[in-house]
Protein chains: 2
Amino acid sequence: MARKTEAKRVILEYIRKSEKAVSPAEIHHSHKELCDRVTVYRVLDRLVNEHKIHRIVNTDGVANYAACHSCSTMHQHDHLHFSCERCKSVTCLENDRVEFSVPNNYEVKEVFFTLSGLCPDCLNKS
Amino acid sequence: MARKTEAKRVILEYIRKSEKAVSPAEIHHSHKELCDRVTVYRVLDRLVNEHKIHRIVNTDGVANYAACHSCSTMHQHDHLHFSCERCKSVTCLENDRVEFSVPNNYEVKEVFFTLSGLCPDCLNKS
DNA sequence: TCTACATTTGCAAATGTGTTGCAATAATAA
DNA sequence: TTATTATTGCAACACATTTGCAAATGTAGA
Ligand SMILES: [Mn+2]
Ligand SMILES: [Mn+2]
Ligand SMILES: [Zn+2]
Ligand SMILES: [Zn+2]
């Protein structure tokens, strides 16, 4: 049975309050006293398994995590993600869905749709 | 000015002949005497900049590379990719295009559409 | 063909992300 | 309260990718 721990509570709260998806390194840097770096990874794994957050692999290969909004029994994330090439931020575009055809003979379990370029912040500054 | 080197020629040829996208590690393992591991990375970077190949980040964060077919002046890859969770293979589904709406206030430069699950080979064996 | 020189390479070392083993700690069911 | 077991910290590991620098090499121009 899953236990309530401070690390889990604080990390989930942090992810839920964040505008952007966050990386394990970001979480650890902003909560140095909370727990070890390894614990961050383990807490994130648990939260993903409990459908509280989802994992987005950035275009540079680094994992980022964002809150789930309607994934009670299974993950359902067919929305777009935006990866900024300048500030490296990852944003869920929850309202932008994507249409595609499932290829023959493949069993699709998850989908990852990511656009990259410049986010609104970086676009303003340029 | 870009130079013709053996490493570059052989690596490009290998990628073009491959059915699946290939990782730097795969390239190096199958061409041990060709060049150093670091050179593989550098050659791949150059080939991407010259629009000869494109980079696909697998769902496990590892980079894979596949040949470009019509990217003379800039990369244009709005096709689907499939990432097999069992054998880790990455396949370009060049014929499967994706429809999406460009979000407001974002400047989109590249798109990455990846499905994950089981590829035909692994589906057969299960 | 020869030469100058920028590009490319090898090697060693570093960085960064993520994982694993194990003993100590702490949440919670009973 | 106590027993059970999930969770944690720490050290060590695995692996992908990058960096610095000196040596090698491709090629434009003499
Ligand atoms: Mn999302
Ligand atoms: Mn492709
Ligand atoms: Zn940005
Ligand atoms: Zn497969």
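Reminder, nothing fancy here: chain letters follow the sequence lines and each chain counts from 1.
Separating the CE atom of A:Met1 from the C1' atom of D:dT7 is a distance of 12 Å, rounded to the nearest angstrom. Atom NE2 in B:His29 sits roughly 7 Å away from atom P in D:dA16 (whole-Å rounding). Atom OH in A:Tyr41 sits about 19 Å away from atom P in D:dA12, given to the nearest Å. The CG atom of B:Leu34 sits 14 Å away from the P atom of D:dT25 (whole-angstrom rounding). D:dG26 atom C1' lies 13 Å from atom CD of B:Glu6, rounded to whole Å. With rounding to whole Å, A:Asn49 atom CG is found 11 Å from D:dT7 atom P.
Ion pairing of A:Lys8 with A:Glu50 is present here, as a side-chain N (NZ or NE/NH1/NH2) and a carboxylate O approach within less than 4.0 Å. Salt-bridge check for B:Lys20 with B:Glu26: failed, with every basic side-chain N at 4.0 Å or more from each acidic carboxylate O.
When each of A:Val98, A:Val111, A:Asp96 is tested with A:Asp78 by the rule side chain to side chain contact (heavy atoms under 4.5 Å, CB included), just one qualifies, namely A:Val111.
Positionally, the nearest nucleotide of DNA chain C for B:Thr5 lies more toward the 5' end than for the other of B:Val38 and B:Thr5. Sequence order on DNA chain D of the closest nucleotides to B:Arg42 and B:Arg55 puts B:Arg55 first from the 5' end.
Checked by atom type and distance alone, the side chain of B:His75 pairs as donor or acceptor with a backbone atom of B:Val48 at under 3.5 Å.
With hydrogens and angles ignored, a donor-acceptor pair closer than 3.5 Å exists between the side chain of B:Arg3 and the base of D:dT25.
Here the range on DNA chain C touched by chain A, meaning any atom under 4.0 Å from one of its heavy atoms, is C:dT17 to C:dT28.
B:Lys17 is linked by a salt bridge (charged side-chain N to carboxylate O under 4.0 Å, His left out) to B:Glu13, counting only residues two or more places apart in sequence or in another chain.
In this structure, A:Arg46 reaches the D:dT7 phosphate: one of its side-chain N or O atoms is under 4.0 Å from OP1 or OP2.
Ring centroids of A:His77 and A:His54 are separated by less than 6.0 Å, placing the two rings close together.
Using five terminal pairs a side, the axes of the helix from C:dT1-D:dA30 to C:dA30-D:dT1 at its two ends make an angle of 40°, given in steps of 10 degrees.
Looking at heavy-atom distances under 4.0 Å, B:Lys8 makes no contact with the nucleic acid at all.
Under the 4.5 Å side-chain criterion, counting only non-hydrogen atoms from C-beta, B:Tyr65 is in contact with B:Pro24.
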CA sep, side-chain torsions, deciding dist, call: A:Ser83, A:Thr59, side-chain hydrogen bond (donor to acceptor under 3.5 Å, both in side chains): CA-CA 7 Å; A:Ser83 166; A:Thr59 52; 3.2 Å; yes
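When all heavy atoms of A:Glu94 and A:Ala67 are compared, the closest pair comes out as OE2-O, 4.2 Å.
Of the candidates D:dT8, D:dA12, D:dC10, the closest approach to any side-chain atom of A:Asp36 belongs to D:dC10.
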